[in-house]
Asks: 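A single structure is presented below for examination.
The chain is numbered in sequence order, starting from 1. Keep in mind that what you see is a predicted model, and the values were worked out from it rather than measured.
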Amino acid sequence: MSKPQVLFIGEPNRDLPEFHEFSAQFECIHYKITSKETLLEDLRGKLSKVVAIYGSWLGFHPVGGLTEDIVQALPDSLKLVTSCSVGLDGWGSEQLAKRGIKLYNCPSLGAEQVADLVLYHTLQSFRYFKVFEDNFRESGHTVKTRSLLQSASLDKQTGKVVLNSTDSSDYAFGHRLGDSLPILTPFGKNAVVVGFGSIGSRIAKRLHAIGMNISYVKRTRLSSEQEAQLLFPVKYYASLKEAAPVADLVVLSLPGTSETENLYNKEIIDLLPQRSRVINVGRGTIVNEDDLLAGLRSGKLSFAGLDVYAKEPAVSRELIERQDVILTPHIGSSTVENFNDTSIFCLRNIHDVILHGKEGLSRVN
């Protein structure tokens, strides 16, 4: 008896014991998308008997996602599509549902890793470690580096630190970059976490651990029992607009939807305290990048830490060149542990749904 066919769009870790068990029960077809035309032809031909699709992090994005024409070409044998990502962009949830095909994503298995990245950006936003490191690598001298940076200035228009030709003869403690940029501790400062699900709550835990006061923005407030289970004090705001006046730091950790598009914009920036900071690990569309850059140029904002971008994978050249912006290439949850955990989650869903008729976990549609 032939084994059920599973189409792999992207590679799992084939060394996983769970994959070896899976491949003993299923015929695994590993497929690389080269063009939409070839994919459509193959779905109607050599891939016409697949019962499930394992979608890696990239999934169908090379051909614009699971568009209507691809969904219509999917074989009648197909029962479910799994995605290693928590994000739903480009997975055609509604179109799949119309064809009776179940879509499963992965819950926030990488929440801890995303929280780690936010902690990194937060420390950078107050302490400017990277500016010190870059200049230290150039000078190779601890005291000289601090002296040069203490007598430097920050060009708000370009976001670059401008060094004077000579360093100061005064002892430099390293507590400021020129006269305009004090180096501060995050301890005792106010962090507003926008989006307080699995990822947001873990971000808050990290930031509380370094002494920050935590406020959160969520559509529905946590119950008093849920807030108590956090084991640290929090303050609730119904909207970012309400929370903005107290935010020394805003952390955006919510999905990209029509409701959240351009949520962080000039109106919000104008309400923030002087020299506020922002970190975005949600979706690039949440931040109006033109307004963000204007806020940095004016000095209203002192820092931005970004892991996602409005026109990803492309990134604004000005963002790249500014030293008051720290950029990471969408790696919030990118660890071996999370790569393997999401693979195992998807494999188990396919196994349980196809072989045992179970409902499966984290169904989207």
Side-chain angles (χ1 to χ4, degrees), residues 1-34 39 42-43 46-47 49-63 65-66 70 74-75 77-93 96 101-117 197-199 202 281 307-308 313 328-365:
M1 181 178 177
S2 61
K3 295 185 288 188
Q5 293 183 349
V6 176
L7 175 62
F8 281 75
I9 304 295
E11 283 292 311
N13 179 357
R14 298 198 201 189
D15 293 329
L16 289 170
E18 291 84 355
F19 179 77
H20 289 296
E21 295 172 7
F22 185 90
S23 59
Q25 298 173 296
F26 294 90
E27 179 184 348
C28 301
I29 302 173
H30 298 274
Y31 185 87
K32 183 176 182 179
I33 296 176
T34 56
L39 174 63
D42 289 342
L43 287 171
K46 64 182 183 181
L47 304 176
K49 295 182 180 180
V50 299
V51 298
I53 294 177
Y54 170 102
S56 69
W57 293 83
L58 186 61
F60 291 86
H61 285 279
V63 288
L66 266 176
I70 296 177
L74 295 173
S77 56
L78 187 67
K79 305 300 181 185
L80 74 152
V81 175
T82 63
S83 165
C84 290
S85 173
V86 66
L88 299 175
D89 304 345
W91 286 99
S93 175
L96 290 172
I101 300 170
K102 300 174 183 178
L103 174 65
Y104 297 85
N105 71 343
C106 280
S108 301
L109 300 180
E112 297 289 355
Q113 290 90 331
V114 176
D116 290 342
L117 183 69
S198 177
I199 295 175
R202 285 166 172 80
V281 292
D307 190 51
V308 289
T328 46
H330 203 153
I331 55 170
S333 63
S334 298
T335 64
V336 169
E337 293 90 345
N338 192 43
F339 185 88
N340 289 341
D341 288 345
T342 54
S343 292
I344 293 168
F345 187 90
C346 289
L347 294 174
R348 286 178 176 165
N349 255 347
I350 294 172
H351 173 274
D352 291 348
V353 172
I354 297 300
L355 295 188
H356 298 287
K358 295 182 179 180
E359 175 57 28
L361 300 175
S362 197
R363 182 175 173 180
V364 174
N365 60 358

Asks: Check step by step if side-chain contact (heavy atoms from CB on, under 4.5 Å) holds for Leu74 and Leu96.
Replies: CA-CA 9 Å; Leu74 295 173; Leu96 290 172; 3.6 Å; yes

Asks: Are Ser362 and Asn105 close enough that a side-chain donor and a side-chain acceptor fall under 3.5 Å?
Replies: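 Ser362 vs Asn105: donor-acceptor pair found between side chains.
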
Asks: Would you call the rings of Phe22 and Phe8 parallel, tilted or perpendicular, taking 30° and 60° as the class edges?
Replies: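 Ring orientation of Phe22 relative to Phe8: perpendicular.
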
Asks: Run the salt bridge (Lys or Arg N to Asp or Glu O under 4.0 Å) test against Glu11 and tell me which residues pass, sequence neighbours left out.
Replies: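 So Glu11 forms a salt bridge (Lys or Arg N to Asp or Glu O under 4.0 Å) with Arg14.
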
Asks: Could you check whether any side-chain N or O of Lys3 sits under 3.5 Å from a backbone N or O of Ser23, counting only pairs where one atom can act as donor and the other as acceptor?
Replies: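 Flag set: sc Lys3 to bb Ser23 pair under 3.5 Å.
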
Asks: What heavy-atom pair brings Pro107 and Val86 nearest, and what distance separates the two atoms?
Replies: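 Shortest heavy-atom separation between Pro107 and Val86 comes out as C-CG2, 4.3 Å.
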
Asks: Sorted by first residue and then second, give each salt bridge (charged side-chain N to carboxylate O under 4.0 Å, His left out) pair with at least one member in residues 344-360; sequence neighbours left out.
Replies: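 Every pair satisfying salt bridge (charged side-chain N to carboxylate O under 4.0 Å, His left out) with a residue in residues 344-360: Lys102-Glu359, Glu359-Arg363.
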
Asks: Sequence neighbours left out, what pairs pass salt bridge (charged side-chain N to carboxylate O under 4.0 Å, His left out) with at least one residue falling in residues 18-30?
Replies: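 Residue pairs with at least one partner in residues 18-30: there are none.
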
Asks: Answer yes or no: is there a side-chain heavy-atom contact under 4.5 Å between Asn365 and Tyr104?
Replies: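 They are not in side-chain contact.
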
Asks: Taking Asn338's backbone N and O only, do any of them form a donor-acceptor pair with Thr335's side chain (distance below 3.5 Å, no angle check)?
Replies: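 Here the side-chain-to-backbone pair exists.
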
Asks: Do Leu39 and Tyr31 come within less than 4.5 Å of each other through their side chains, counting heavy atoms only?
Replies: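 Touching, per the 4.5 Å side-chain cut-off.
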
Asks: What are the two closest heavy atoms between Gln113 and Ser333, and how far apart are they?
Replies: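 Scanning both residues completely, I find the closest heavy atoms to be CB-CA, 3.8 Å.
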
Asks: Who passes side chain to side chain contact (heavy atoms under 4.5 Å, CB included) against Leu355, sequence neighbours left out?
Replies: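 Scan of Leu355 (side chain to side chain contact (heavy atoms under 4.5 Å, CB included), adjacent residues dropped) gives Pro4, Gln25, Phe26, His351.
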
Asks: Does a donor on one side chain and an acceptor on the other come within less than 3.5 Å for Ser343 and Asn13?
Replies: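 Short answer, no.
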
Asks: Which heavy-atom pair separates Ile33 from Gly59 by the least distance, and what is that distance?
Replies: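 Scanning both residues, the minimum pair turns out to be CD1-O, 4.1 Å.
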
Asks: Is any side-chain heavy atom of Leu58 closer than 4.5 Å to a side-chain heavy atom of Pro62?
Replies: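 They are in contact (side-chain heavy atoms under 4.5 Å apart), so the answer is yes.
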
Asks: Could you report the tightest heavy-atom contact between Gly65 and Ile70, atom names first, then the distance?
Replies: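 What the structure gives for the nearest pair is O-CD1, 3.5 Å.
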
Asks: Checking the side chain of Ser85 only, and the main-chain atoms of Trp57 only, is there a donor and an acceptor separated by less than 3.5 Å?
Replies: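 Looks like no, no N/O pair under 3.5 Å.
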
Asks: Report yes if some heavy atom in the side chain of Val114 is under 4.5 Å from a heavy atom in the side chain of Arg202; otherwise report no.
Replies: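 Side chain of Val114 against side chain of Arg202, heavy atoms only: no contact under 4.5 Å found.
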
Asks: Leu103 versus Leu80: any side-chain heavy-atom pair under 4.5 Å?
Replies: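 Heavy-atom side-chain distance check fails, nothing below 4.5 Å.
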
Asks: Would you name the heavy atoms of Asp307 and Ile331 that are closest together and state the gap between them?
Replies: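 For Asp307 and Ile331, the tightest heavy-atom pair comes out as OD1-N, 2.9 Å.
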
Asks: Looking at Cys84 and Cys106, what are the two nearest heavy atoms and their distance?
Replies: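 Heavy atoms only, the tightest pair is O-CB, 3.4 Å.
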
Asks: Quick one: side-chain hydrogen bond (donor to acceptor under 3.5 Å, both in side chains) partners of Thr342, sequence neighbours excluded?
Replies: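 Result, side-chain hydrogen bond (donor to acceptor under 3.5 Å, both in side chains) vs Thr342: none returned.
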
Asks: Look only at the side chain of Asn349 and the backbone of Leu361, and say whether a donor-acceptor pair between them is shorter than 3.5 Å.
Replies: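 Yes: the side chain of Asn349 pairs with the backbone of Leu361.
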
Asks: Measure the shortest side-chain to side-chain distance between Val6 and Val50 over non-hydrogen atoms and say whether it is less than 4.5 angstrom.
Replies: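 Of all side-chain heavy-atom pairs linking Val50 with Val6, none is under 4.5 Å.
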
Asks: Say you draw a straight line from CD1 of Ile53 to CD1 of Ile101; how long is it, rounded to the nearest 0.5 Å?
Replies: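 Nearest 0.5 Å value for the CD1-CD1 distance: 7.5 Å.
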
Asks: Between Tyr54 and Ile9, is there a side-chain heavy-atom distance shorter than 4.5 Å?
Replies: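 In short, these two side chains do not touch, never coming nearer than 4.5 Å.
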
Asks: When you measure from the side chain of His61 to the backbone of Leu66, do you find a donor-acceptor pair of N or O atoms at a distance under 3.5 Å?
Replies: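 Answer holds: no.
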
Asks: Check whether any side-chain heavy atom of Thr82 lies under 4.5 Å from a side-chain heavy atom of Trp91, and answer yes or no.
Replies: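 Side-chain contact under 4.5 Å: no.
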
Asks: Of all residues at least two apart in sequence or in a different chain, which pass the salt bridge (Lys or Arg N to Asp or Glu O under 4.0 Å) check with Asp341?
Replies: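 So Asp341 forms no salt bridge (Lys or Arg N to Asp or Glu O under 4.0 Å) with any residue.
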
